[in-house]
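Data block below; observations after.
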Amino acid sequence: MSLEARLAGALREAAREAYGVELDGVHVERPNEAAHGDFASNVALANAKVFRRNPREVAQGLAEALKAPFVEDVEVAGPGFINFRVSSEAFGEELGGLLSTGEGYGRREPSGAPILLEYVSANPTGPMTAAHGRHAAYGDSLARIMAASGRKVSREYYFNDGGNQIRLLGESVAARYAELFGRERPVSDASALYKGEYIRDIAEALKERDGDRYLDADPAEALPAITSFATDWCMAGIRETLARARSGFDRYFNEKSLYESGEVSEVIEELKGRGHAYESEGALWLESTRFGDDKDRVLVKRDGSYTYMAPDLAYHRDKWNRGFGTAVDVLGADHAGYPPRIRAGIVALGLPEDFLDVELVRLVKLLRGGEQVKVSKRAGNFVTFDELMDEVGEDAARYFYVRSSHRTEMNFDLAVAVQQSDENPVYYVQYAHARIASIFRRAETDPGSIRNVPEGEFAPRSERSSSSSSTSRA
RNA sequence: GCGCCUGUAGCUCAGCCGGAUAGAGCAGCGGACUUCUAAUCCGCAGGUCGUAGGUUCGAAUCCUACCGGGCGCGCCA
């Protein structure tokens, strides 16, 4: 157990002993000022109301009742902070524990209900973009952190290879494919087609594999085959990109499987049965206003097809049925309208409201030397995640993505990310690693072989400043 | 118009379930050291925490209004 946790426990015990008060969140931190000790706590201040006494008095009482042999000195300071000085033996023990545990240090054993983390979930209509990159970096980091702090996590990528966007992808590829043979394929709305360079790549790959067999074929047969080839091509590319970014998934969940298993129609029936779905204007609506949404949402369109809500609700119910305690959805900020309605649907299905946790990731603004990089998806002019990694490297890409909170818009300056200078934090980290490795190489020592800390080599920082002249610590 | 997010040092960002002089890195200024990769180390300066009110013993943090930026308000996903 960490020193912070041990101190928090001791404070909780002292509160029970001295005041008969049961505290839940006890905050112990490392103060900014070394003069304030090795650790400090604001319990007395934060819980003054619970104790019904003035903070200084409470702090004094807690300090007196504290039973913690590893604490050398306790003092009450300022408006009611409790400052601790910890013995160097305790620090030595902690360091010894750190060295022997190695990379496992600080990790917790898994416990509690597993979490389903869904992220990226981009439909296979093209390569991953720089915006998706932020999702991959954030989601992967979140998964690692949750796992390290003792939660079982499953990562899923939910995709749909059958919707309207996919149809457009198929049309786009078919048009390009025809062009490769010098033909023109009639399309209903040329402006809606995807224009990216990759469309040509897909068409060429298709020509490579199947030759001209779709050229004069019945479109009713050719188009599905072309579309299927295109989505497979995109999905394979996405998987490659994700692997390169070291962001793996336990499962790629195809929306289609929810129709095949009957779960979509089940969900509709269940909502009807619960009285939360009604028909109006020829469509079937979810009564989501009853559960906090702005307006009711269509589940089944007038033409009989489903909106995305239907399979999405089926997917979330499927997550619940698989035994997950929490579903975390990482979505783009352009889906801001989504959480209230899907939550409404979840509650309407009788699942707990807090089952779903949605994290919205803001957009990435790409800069190059302070100048904004213009992107236009419509014109097929965008920066792919692969191009970004080509330019700055995988590590720098991930570092910058995760550097600032996912909730704020971020500026990603490609020019800075490749600089080998003080301005580039990635370079700093890499350089620090190189230097440390160099030291160990010269010392002819393997850092992994260090098992115990010689007495007096390390000291808590409250002792460091005062006794710096006595011992040199390299 | 309504809703959600956001505005902290010249720049990029922490801090935001209220608490000790508001932090870091970079950039700036001053100094040290000629080396285990100087792409180093130490120090200094720099902030009306968007603005105005309110709650509180105490507000960057909570509440209200306003200003600026982003996103959303489809029988698209």
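As the structure is a prediction and not an experimental result, all values here were calculated from the model. Chain identifiers are assigned alphabetically (A, B, ...) following the order of the sequence lines, protein sequences preceding nucleic acid strands; residue numbering begins at 1 within each chain.
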For [N] versus [M], give the span between their [atom1] atoms, rounded off to a whole number of Å.
N	M	atom1	result
C2(B)	G19(B)	P	32 Å
G3(B)	C66(B)	P	10 Å
A20(B)	C26(B)	C1'	29 Å
A32(B)	C5(B)	C1'	47 Å
U8(B)	G50(B)	C1'	10 Å
A45(B)	A52(B)	C1'	31 Å
G18(B)	U61(B)	P	12 Å
G7(B)	G54(B)	P	24 Å

Please name the nucleotide paired to [N] by Watson-Crick or G-U wobble geometry with both distances under 3.5 Å, or report none.
N	value
G72(B)	C2(B)
G7(B)	C67(B)
A60(B)	none
C41(B)	G31(B)
G47(B)	none
G18(B)	none

Could you report the tightest heavy-atom contact between Ser404(A) and Arg134(A), atom names first, then the distance?
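Answer, listing the atom of Ser404(A) first, then Arg134(A): O-NH2, 3.8 Å.
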Separation of [N] [atom2] from [X] [atom1] (nearest whole Å):
X	N	atom1	atom2	value
Met410(A)	U12(B)	CE	C1'	10 Å
Phe400(A)	C26(B)	CZ	P	13 Å
Phe51(A)	G19(B)	CZ	P	17 Å
Asp413(A)	A27(B)	CG	P	15 Å

Report each atom pair, protein N/O against N/O of nucleotides 41-44 of chain B, whose distance is under 3.5 angstrom.
none

Checking contacts here: which listed nucleotide (G74(B), U37(B), A20(B)) is nearest the side-chain heavy atoms of Pro79(A)?
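Given the options G74(B), U37(B), A20(B), the side chain of Pro79(A) is closest to A20(B).
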Between U12(B), C36(B), G69(B), which nucleotide has the shortest distance from any of its atoms to the side chain of Glu409(A)?
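The answer is G69(B), which lies nearest to the side chain.
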Report the relative orientation of the aromatic rings in [X] and [Y]; use parallel for angles under 30°, tilted for 30 to 60°, perpendicular for over 60°.
X	Y	answer
Tyr306(A)	Tyr259(A)	tilted
Tyr401(A)	Phe412(A)	perpendicular
Phe355(A)	Trp320(A)	perpendicular
Tyr252(A)	Tyr157(A)	tilted
Phe51(A)	Tyr19(A)	perpendicular

Any residue in residues 226-234 of chain A with a heavy atom nearer than 4.0 angstrom to RNA chain B? Just list them by number, or reply none.
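Per residue number, the list is empty: none.
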Check [Y] with [X], please: is the shortest side-chain N to carboxylate O separation under 4.0 Å?
X	Y	value
Asp161(A)	Lys256(A)	yes
Arg12(A)	Glu22(A)	no
Arg341(A)	Asp294(A)	no
Glu270(A)	Arg274(A)	yes
Lys295(A)	Glu287(A)	no

Without swapping roles, check the side chain of Asn47(A) against the backbone of Val43(A) for a donor-acceptor pair under 3.5 Å.
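Flag set: sc Asn47(A) to bb Val43(A) pair under 3.5 Å.
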So, does His316(A) use its side chain to make a donor-acceptor pair with the main chain of Asp312(A) at under 3.5 Å?
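The answer is yes, because a donor-acceptor pair under 3.5 Å joins these two groups.
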Mind checking [X] for me? I need base, sugar-phosphate or nothing, with any heavy atom below 4.0 Å counting as a touch.
X	value
Arg442(A)	sugar-phosphate
Ala333(A)	sugar-phosphate
Ser404(A)	sugar-phosphate
Asn411(A)	sugar-phosphate
Ser305(A)	nothing

Reading nucleotides 1-9 of chain B 5' to 3', which nucleotides get B (base under 4.0 Å from a protein heavy atom), which S (sugar-phosphate only), which -?
----S----
C36(B) phosphate, OP1 or OP2, under 4.0 Å from Ser438(A) side-chain N/O
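For Ser438(A), the contact criterion (side-chain N or O under 4.0 Å from OP1 or OP2 of C36(B)) is not met.
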Presence of Arg403(A) side-chain N/O under 4.0 Å of G25(B) phosphate oxygens OP1/OP2
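Arg403(A) to G25(B) OP1/OP2: no side-chain N or O under 4.0 Å.
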Answer yes if the side chains of [X] and [Y] hold a donor-acceptor pair under 3.5 Å, and no otherwise.
X	Y	value
Tyr194(A)	Gln165(A)	yes
His335(A)	Asp329(A)	no
Glu260(A)	Ser257(A)	no

Are the ring of Phe81(A) and the base ring of A20(B) both nearer than 5.5 Å at their centres and tilted by less than 30°?
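Taking the rule of under 5.5 Å and under 30°, the ring of Phe81(A) does stack on A20(B).
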Identified side chain to side chain donor-acceptor pair (under 3.5 Å) partner of Glu118(A) from the options Arg155(A), Lys319(A), Arg251(A):
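That would be Lys319(A).
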Let's go through Thr125(A) and Asn123(A) carefully: what are the C-alpha distance in whole Å and the side-chain angles of both, what is the deciding distance for side chain to side chain donor-acceptor pair (under 3.5 Å) to 0.1 Å, and is it a yes or a no?
CA-CA 6 Å; Thr125(A) 58; Asn123(A) 285 338; over 6 Å; no
Mind listing the N/O atom pairs, protein and nucleotides 75-77 of chain B, below 3.5 Å?
| from | atom 1 | to | atom 2 | distance (Å) |
| --- | --- | --- | --- | --- |
| C75(B) | O2 | Arg302(A) | N | 2.8 |
| C75(B) | N4 | Glu281(A) | O | 3.3 |
| C75(B) | N4 | Arg302(A) | NH2 | 3.3 |
| C76(B) | OP2 | Lys301(A) | NZ | 2.6 |
| A77(B) | OP2 | Tyr308(A) | N | 3.1 |
| A77(B) | N6 | Tyr308(A) | OH | 3.0 |
| A77(B) | N6 | Arg341(A) | NH1 | 3.1 |
| A77(B) | N3 | His335(A) | NE2 | 3.0 |

Run the salt bridge (charged side-chain N to carboxylate O under 4.0 Å, His left out) test against Lys301(A) and tell me which residues pass, sequence neighbours left out.
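Listed in chain order: nothing, the list is empty.
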With nearest nucleotide decided by heavy atoms, which residue, His27(A) or His433(A), maps closer to the 5′ end of RNA chain B?
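The residue closer to the strand's 5' end, by nearest nucleotide, is His27(A).
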Tabulate atom names and distances for all N/O pairs under 3.5 angstrom spanning the protein and nucleotides 55-63 of chain B.
none

